[in-house]
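Scroll down for the structure; my scribbles are underneath it.
Side-chain atoms are counted along with the backbone in the values below, which use heavy atoms only and exclude waters and symmetry mates.
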Amino acid sequence: MSARVARARWAWGSWGRRAASSLREPPPDAVDVAELLRDSTVPDEGAQEAVARRPPSRCSVLLFPGQGSQAVGMGGGLLRFPRVRQLYEAAHRVLGYDLLELCLRGPQEDLDRTVHCQPAVFVASLAAVEKLHHLQPAVIENCVAAAGFSVGEFAALVFAGAMEFSEVPGLYAVKVRAEAMQEASDAVPSGMLSVLGQRQSNFSFACLEAQEHCKSLGIENPVCQVSNYLFPDCRVISGHLEALQFLRRNSAKYHFRRTKMLPVSGAFHTCLMEPAVEPLRKVLGTINIKKPLVAVHSNVSGHKYTHPQYIRKLLGQQVVSPVRWEQTMHSIYERKKGMEFPSTFEVGPGQQLGSILKCCNRQAWKAYSHVGVMEDVMDPDH
């Protein structure tokens, strides 16, 4: 399907001067006041068919990063591009604090907090799309698929026109999600552990033994499970901190080559995030979700969404379900031998998704570029 999606309807509303940080429902008087990309158009069938006939090498895929990619200084390389400052001004109104100031100057420990970094990555990624649209508009015109990691899935859906950026839909949903996940994280000492294993690594067995260790310490209903499928032999395991510490101490026993704690504050994509589900579902129920203009792939299933009702349902499930990113990469890039691959652009902070793509599909990675948020020019890193 054709994209023209950087032109896809990112609109925001004016909420006046009210502080939005404590709100749990969109204010009734919120209204759309501007379109971020004023030349937005919905492609007609002829345009869609034209893109479908283009060879893969002329098509593009956009990947949106998630929490953990944040870094102080992000956004600084985007401010010279049209309408980027408006994005951050809208975020200021919704969040009740100066997101751009936090991104540019930190401190890092504040930026790393879930309640801050999810909106920060979301806005920076969409601002990076504006940069890409300015520098290489053909990439946007020829986009055929998008995917986002965790909170990045919201950015992918906004990009694809399934929901608007406006203060009520996309940005407000991310705000509620971040606040609810922060509260769930604060309730239980928990975290996420990146694990690079080997063929003989048994992640499920390791998690079971870590749970038994927690029980021996008196922890009731301990949680330790795979929360992210990244690439072959690489997983993220999330749960109680005691369980993750146990796995690090016994990494040789489970044939783990490398372990690393992630800079997040909780066990995301596990049942420990269950308290965050209902607030997110509630706000999703207020949003008009449309069919994406390009294929957007779900974290929960790895497959592209087929109907707006599934977007609403699976976004609610996403916070307690594993991110099946490896499966998503296979779904997007699977093709017959000898077929060309589309160009892939990671839009937002960090280049972790590019590194994962390299491990999942080296041939697809050869057409990868990063649209950075720190520098003033696009980074053609391969």
(request) Could you tell me whether a side-chain N or O of Arg312 sits under 3.5 Å from a main-chain N or O of Ile287, the two making a donor and an acceptor? (result)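 Yes: the side chain of Arg312 pairs with the backbone of Ile287.
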(request) Look only at the side chain of Gln327 and the backbone of Gly302, and say whether a donor-acceptor pair between them is shorter than 3.5 Å. (result) no
(request) Run the salt-bridge test on Arg93 and Glu89 with the 4.0 Å N-O cut-off and return the result as yes or no. (result) no
(message) Once you measure the plane-to-plane angle for Tyr254 and Phe246, does it fall in the parallel (<30°), tilted (30-60°) or perpendicular (>60°) bin?
(response)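 Answer is tilted, since the angle falls between 30° and 60°.
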(request) Look at the aromatic rings of Tyr333 and Phe341 and report parallel, tilted or perpendicular, splitting at 30° and 60°. (result) tilted
Report all side-chain donor-acceptor pairs from residues 219-233 shorter than 3.5 Å, counting only partners two or more places apart or in another chain.
{"residue": "Ser227", "atom": "OG", "partner": "Val236", "partner atom": "O", "Å": "3.2"}
{"residue": "Ser227", "atom": "OG", "partner": "Ser238", "partner atom": "OG", "Å": "2.6"}

(request) May I ask you to check whether Ser150 and Arg177 show a side-chain donor-acceptor distance below 3.5 Å? (result)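 Result is yes, a qualifying pair exists.
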(message) Distance alone, cut at 3.5 Å: any donor-acceptor contact between the side chains of Ser301 and Tyr310?
(response) no
(request) Kindly write out the residues that satisfy side-chain contact (heavy atoms from CB on, under 4.5 Å) with Val72, not counting sequence neighbours, or none if the list is empty. (result)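 Val72 satisfies side-chain contact (heavy atoms from CB on, under 4.5 Å) with Gln108, Leu111 once adjacent residues are dropped.
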(request) Under the side-chain contact (heavy atoms from CB on, under 4.5 Å) rule, collect the residues that match up with His330, sequence neighbours excluded. (result) Glu326
(message) Counting only heavy atoms not in Arg248 (residues, nucleotides, ligands), do more than 12 fall under 6.0 Å from its CZ?
(response) yes
(message) Counting only heavy atoms not in Gln309 (residues, nucleotides, ligands), do more than 12 fall under 6.0 Å from its CD?
(response) yes
(request) Identify the two heavy atoms, one from Ala120 and one from Met74, that lie closest to each other, and give their separation to 0.1 Å. (result)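 Heavy atoms of Ala120 and Met74 come nearest at CB-CE, 3.4 Å.
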